[in-house]
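Just so we're on the same page: letters track the sequence lines, and every chain starts at 1.
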There are 4 protein chains.
Amino acid sequence: MTSKKEHIISATAELIHAKGYESTKLSDILKAADIGKGQFYHYFSSKKDLGISVVDQYVQTWEQNLIEAILQSDKPSTDKLNEMLDWAVSYHESIGEFHGCPFGNLALEMSEHDEIFRTKINALFEKWIRSLENVLEDIVGGEKALMQAQAIVAQLEGGILLMKNFQDLSILRNIAENIRAQYI
Amino acid sequence: MTSKKEHIISATAELIHAKGYESTKLSDILKAADIGKGQFYHYFSSKKDLGISVVDQYVQTWEQNLIEAILQSDKPSTDKLNEMLDWAVSYHESIGEFHGCPFGNLALEMSEHDEIFRTKINALFEKWIRSLENVLEDIVGGEKALMQAQAIVAQLEGGILLMKNFQDLSILRNIAENIRAQYI
Amino acid sequence: MTSKKEHIISATAELIHAKGYESTKLSDILKAADIGKGQFYHYFSSKKDLGISVVDQYVQTWEQNLIEAILQSDKPSTDKLNEMLDWAVSYHESIGEFHGCPFGNLALEMSEHDEIFRTKINALFEKWIRSLENVLEDIVGGEKALMQAQAIVAQLEGGILLMKNFQDLSILRNIAENIRAQYI
Amino acid sequence: MTSKKEHIISATAELIHAKGYESTKLSDILKAADIGKGQFYHYFSSKKDLGISVVDQYVQTWEQNLIEAILQSDKPSTDKLNEMLDWAVSYHESIGEFHGCPFGNLALEMSEHDEIFRTKINALFEKWIRSLENVLEDIVGGEKALMQAQAIVAQLEGGILLMKNFQDLSILRNIAENIRAQYI
DNA sequence: AATGAATGAGAATTCATTCAT
DNA sequence: TATGAATGAATTCTCATTCAT
């Protein structure tokens, strides 16, 4: 039964999103997943091992929900861009609290700590930017597409950072509107 | 002579920039500042007390170097925008390593941990955005100025985040170029 | 098996009796109970937590040995008084060293430090005095019983204090004789 | 000028009475006496040195106010006993807070810690009991005088202990009344 | 598979005392 | 005389990991 393992990963994913990797203590995880130490070390060899599984799970989810379902769908490019912006805003809206972007958070916290984390997070950002570049080629032409894909992702990540710090969703909404106004 | 206290603050500022607040252990600080435990607690009442001093020092530096010297100077608005972008890129260029934005890092790490840190960091972002809004009023008109000021700050912060994760300065350069292309 | 926890409590009880709460360092406890730091914090959340357990254990023992077994037995009142005095003297005699009264010591050390300790110690003194009051009602009549119960407890506590300071059991013996002479 | 030294001793005496010797930190003393570290170590070689001076000052005061002025005066014996009891009650009444007996506190805290403290405190209790014995010889006859002097001192010390723990002066008043009723 | 007791290195902090000026 | 900067051993507590059952 893998579902126990996945249960632990999901419980930890929330904790890490809310508090960060270092601040999420093993005891928090055991409590949240309602398991004992022995069970934890049966499924995972270390806290880091679990951390990596959490990132993998996040990566998989985003690849499906953002990259595949939105950016690589066969809708018109402007629709894709629109959907991506809606998805970003509604993701944070639905959580109800402003913990920031799971990837952005980990990117800043783990980048220089741990090469494995950095590489995995990197790969997702890379894919996101590349897929967005493809979308933008239709809208702004091929030459500027990469630069502007980077700019849009940066704008969203920075907007989520500001949203978290101000504890105010409206900043992210403004950012989304601003992007929309520029490209659509 | 206050310089000993300032010496400790500066040494710690670098450590926190590079590793984050939590990961910067007291022992790291003592080593970096070349002082003993007792001396540390002679100057600061706790690690947090020092952390706040570090943020205060960063705030002061940025208010002088960014807000006052650039955004509130009496040069033309487009020059101010240009200078700000140059300053941002050259700041990270000069450090030689990609630790990210001192404020952005702390914003993400401390936002939900500690209200005092969040408030101080908030105040700086607020000032930055307001000052930039004033600059943009000349360029894009008053109506959109605030939204676009937010967008620019977000873009820079997000760009620095990507830069840190990719360990590649060119992303930040691209972002700066992109902003320049849009407004100048 | 709770006996490990009780083992730690008992070992600590002796230390606290001999040296006081503050002077009993964690390292003393670990050595006396022959356990490691981690094990200690597995059973107790803090030194204070253990301290409270120690007081609770003392309270329980005294309630059984002094209050229930002696003062609330169904023997004649003068026998009860006699037994209490015997018990007090032989308690200190059997230990062989003059560390004072576990409750009196803590009462003086912790009274103004910590409200929880004070309250618990208070409760025991209160019960002791009330039970003794009941015994005395038969001997001196109801009117003076409370005052004289207080006087007897005070005399014993003060006698133990002097005994400790003079490192001489005979003072406590004298006090017991003096009480006996007055009431029996 | 010795008055500075005496000023430090008096300020510390209050602190030790209220908090005990160990809990009175050097920093508390410096603050209370409004002096710097250098000045402290000019007048005293260590904290213990000061502690001994404090005990010496207490001993001197009690020898004057209790032993000489009351117990060795040329008034009738029953007056002396009465005055001693009044003095004891009014001493704690005048302070307004219930910190216990300065000697009783130190007796319990320091007895087994430090032989010098114990000896000095011992000497005072010894003198007190001897002087009271002389007074009692007139009242109860020579045979029982020593035992009853011990009993009275014990009763007062125990009463003050209970008073401190219950934070209630009336217990000490009861004890005084009880002693008066027995001898006067 | 599972429990939770046990480990121990390392964390922040306290504090009497010494030393340079 | 006096200041307060500097020292460092000792203190309580944290926490990921291992081990016996």
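Spacing between atom OH of D:Y21 and atom P of E:dC15 amounts to 14 Å, rounded to whole angstrom units. B:I35 places its CD1 atom 13 Å from the P atom of F:dG8, with the value rounded to the nearest Å. Distance, B:L50 CG to E:dA12 P: 11 Å, rounded to whole Å. In this structure, the CG atom of D:L15 is 16 Å from the C1' atom of E:dC15, given to the nearest Å. Rounded to whole Å, atom C1' of E:dT14 lies 13 Å from atom CG of B:L26. Atom CZ of B:F40 and atom C1' of E:dT14 are 13 Å apart (whole Å). Separating the CZ atom of A:F44 from the P atom of F:dA16 is a distance of 15 Å, rounded to the nearest angstrom. The nearest whole Å value for the distance from the CG atom in A:D49 to the P atom in F:dT18 is 12 Å.
Of the possible polar contacts, none joining the B:S45 side chain to the B:Y41 backbone as a donor-acceptor pair under 3.5 Å is found. Side-chain N or O atoms of B:K19 include none that pairs as donor or acceptor with a backbone N or O of B:E14 at under 3.5 Å.
Residue B:K37 places no side-chain atom within donor-acceptor reach of the base of F:dT7, judged by atom type and a 3.5 Å distance cut-off alone. If you check distances only, the side chain of D:K47 never reaches the base of E:dT17 with a donor-acceptor pair under 3.5 Å.
Note: B:F166 and A:F125 have tilted aromatic rings, judged against thresholds of 30 and 60 degrees for the angle between ring planes.
Of the two residues near DNA chain E, D:K25 and B:E22, the one whose nearest nucleotide lies more 5' is B:E22. Comparing C:S45 and C:S27 by the nucleotide of DNA chain F whose heavy atom lies nearest to each, the residue mapping closer to the 5' end is C:S27. The 5' end of DNA chain F is approached more closely, in terms of each residue's nearest nucleotide, by B:D34 than by the other of C:T24 and B:D34. In this structure, D:K48 and B:L30 both approach DNA chain E, and ranking their closest nucleotides by distance from the 5' end singles out B:L30.
Between E:dA6, E:dT17, F:dA16, one nucleotide has an atom nearer to the side chain of D:Y41 than all others, and that is E:dT17. Proximity note for C:Q39 (side chain, C-beta onward) versus E:dA6, E:dA11, F:dT18: the nearest is E:dA6.
B:K31 NZ to B:L26 CG: the interatomic distance, rounded to the nearest 0.5 Å, is 11.5 Å.
Under the 4.0 Å criterion applied to side-chain N and carboxylate O atoms, A:R118 and A:E112 are not assigned as salt-bridge partners.
With a cut-off of 3.5 Å on both pairing distances, the Watson-Crick or G-U wobble partner of E:dG10 is F:dC13. In a base pair of the Watson-Crick type (N1 to N3 plus N6-O4 or O6-N4) or a G-U wobble (N1-O2 and O6-N3), with each distance short of 3.5 Å, E:dT21 is matched with F:dA2.
At E:dG4, none of the side-chain N or O atoms of C:Y43 fall inside 4.0 Å of OP1 or OP2 (strictly under the cut-off).
C:G36 comes within contact range of the sugar-phosphate backbone alone, with a heavy-atom separation under 4.0 Å but no base atom that close.
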